[in-house]
2 protein chains.
Amino acid sequence: MPNSDYRSKKVISIGTVSELTGLSERQIRYYETRKLIFPERSKTGIRKYSFLDIERLIEIANHLEEGVWTQEIRKELKRREQLNMQEVSSSLL
Amino acid sequence: MPNSDYRSKKVISIGTVSELTGLSERQIRYYETRKLIFPERSKTGIRKYSFLDIERLIEIANHLEEGVWTQEIRKELKRREQLNMQEVSSSLL
DNA sequence: CGTGTAAGGAATTCTGACACG
DNA sequence: CGTGTAAGGAATTCTGACACG
């Protein structure tokens, strides 16, 4: 029953994401060009985000406030994902 | 930690709900006038739905296909909510 | 580098109504 | 009763660019 996929289902448009995160649409779009966030697109090109994306955006905003560059944030997020991959594969053993 | 509120957070607009449920926007709006579903509104009047609303819409659609009237569906949904209320209050004792 | 803004166009959503039945 | 549709307007989103620094 794929039911708790709600967290990662991309269904929220950018205006709502802006409200939920407190970030401007400009910022949210920019972080995409910096490869920090990966929304889906509707057939007509409208960006769709998940709750997970929103959590991630809030983290990104926190890092930026501390003066961390998007480039560094990207590296850290990548590192973290690799750790998650390891956990998953080891839990499968 | 209000984290699993994702299911009931109203953030999805009607076009996406239509895709996810297979219902037409016309149908979704109509069920609102029949008091079967209660979206929130953005300041500018745009309807916002939750994943829970989507689950509910699918149920409604199933009932309608079976020939049940919206009036009956409304009664049943109300009954069910009252049962839930009872569970909640008794679990608090 | 990260973000604001004005610009013009395309896609989305809204309401009230006519239609069928 | 439940749903489709055309109508006109309002709100949303998109991209590329200029600006500051």
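All values below were derived from every heavy atom in this structure, side-chain atoms included, with hydrogens, water molecules and symmetry-related copies excluded. Order of the sequence lines fixes the chain letters, A, B, ..., with proteins taken first and strands second; residue numbering starts at 1 for each chain. A quick note: this is a predicted structure, and the numbers were derived from the prediction, not measured.
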Inset, instruction - Rounded to the nearest angstrom, tell me the gap between atom OH in A:Tyr49 and atom C1' in D:dT13. - result: 10 Å

Inset, instruction - In whole angstrom, give the distance that lies between atom CG of A:Leu64 and atom P of C:dG4. - result: 12 Å

Inset, instruction - In plain terms, say whether B:Arg79 and B:Glu76 are close enough for a salt bridge, that is, a side-chain N and a carboxylate O under 4.0 Å apart. - result: no

Inset, instruction - Salt-bridge test for A:Lys78 and A:Glu81: reply yes if a basic N is under 4.0 Å from a carboxylate O, no otherwise. - result: no

Inset, instruction - Calculate the interatomic distance between B:Arg29 atom CZ and C:dT12 atom P; express it in whole Å. - result: 13 Å

Legend entry - A:Arg47 side chain near D:dC14 phosphate (N/O to OP1/OP2, under 4.0 Å): yes

Legend entry - Min side-chain heavy-atom separation B:Glu72-B:His63 under 4.5 Å: no

Inset, instruction - Answer yes or no: is there an ion pair linking A:Glu19 with B:Lys48, defined by an N-O contact shorter than 4.0 Å? - result: no

Legend entry - C:dG2 phosphate, OP1 or OP2, under 4.0 Å from A:Tyr30 side-chain N/O: yes

Inset, instruction - Could you please name the partner base of C:dT15, counting Watson-Crick and G-U wobble pairs only when both distances are under 3.5 Å? - result: D:dA7

Legend entry - Approximate separation, where rounding is to 0.5 Å, of B:Ile14 CD1 and B:Arg26 CZ: 11.0 Å

Legend entry - Aromatic ring proximity A:Tyr6/B:Phe51, centre distance under 6.0 Å: yes

Inset, instruction - Write down the partner of D:dC20 under the Watson-Crick or G-U wobble criteria, each distance required to be under 3.5 Å. - result: C:dG2

Inset, instruction - Could you list all the side-chain hydrogen bond (donor to acceptor under 3.5 Å, both in side chains) pairs where at least one residue sits in residues 28-39 of chain A, not counting sequence neighbours? - result: A:Glu25-A:Arg29, A:Glu32-A:Arg47, A:Arg34-A:Thr70

Legend entry - Interatomic distance, A:Glu32 CD vs D:dC14 C1' [rounded to whole Å]: 11 Å

Legend entry - Interatomic spacing from CG in A:Leu23 to CD1 in A:Ile37 - rounded to 0.5 Å: 9.5 Å

Inset, instruction - List in numerical order all residues of residues 12-28 of chain B for which some heavy atom is under 4.0 Å away from an atom belonging to DNA chain D. - result: B:Ser24, B:Arg26, B:Gln27

Inset, instruction - With a 4.0 Å heavy-atom cut-off, tell me which residues in residues 39-46 of chain A come close to DNA chain D, sorted by residue number. - result: A:Arg41, A:Gly45, A:Ile46

Inset, instruction - Map B:Lys48 and A:Tyr31 onto DNA chain C by nearest heavy atom, then report which one ends up closer to the 5' terminus. - result: A:Tyr31

Legend entry - Between A:Ser50 and A:Asp53: side-chain donor-acceptor atoms closer than 3.5 Å: yes

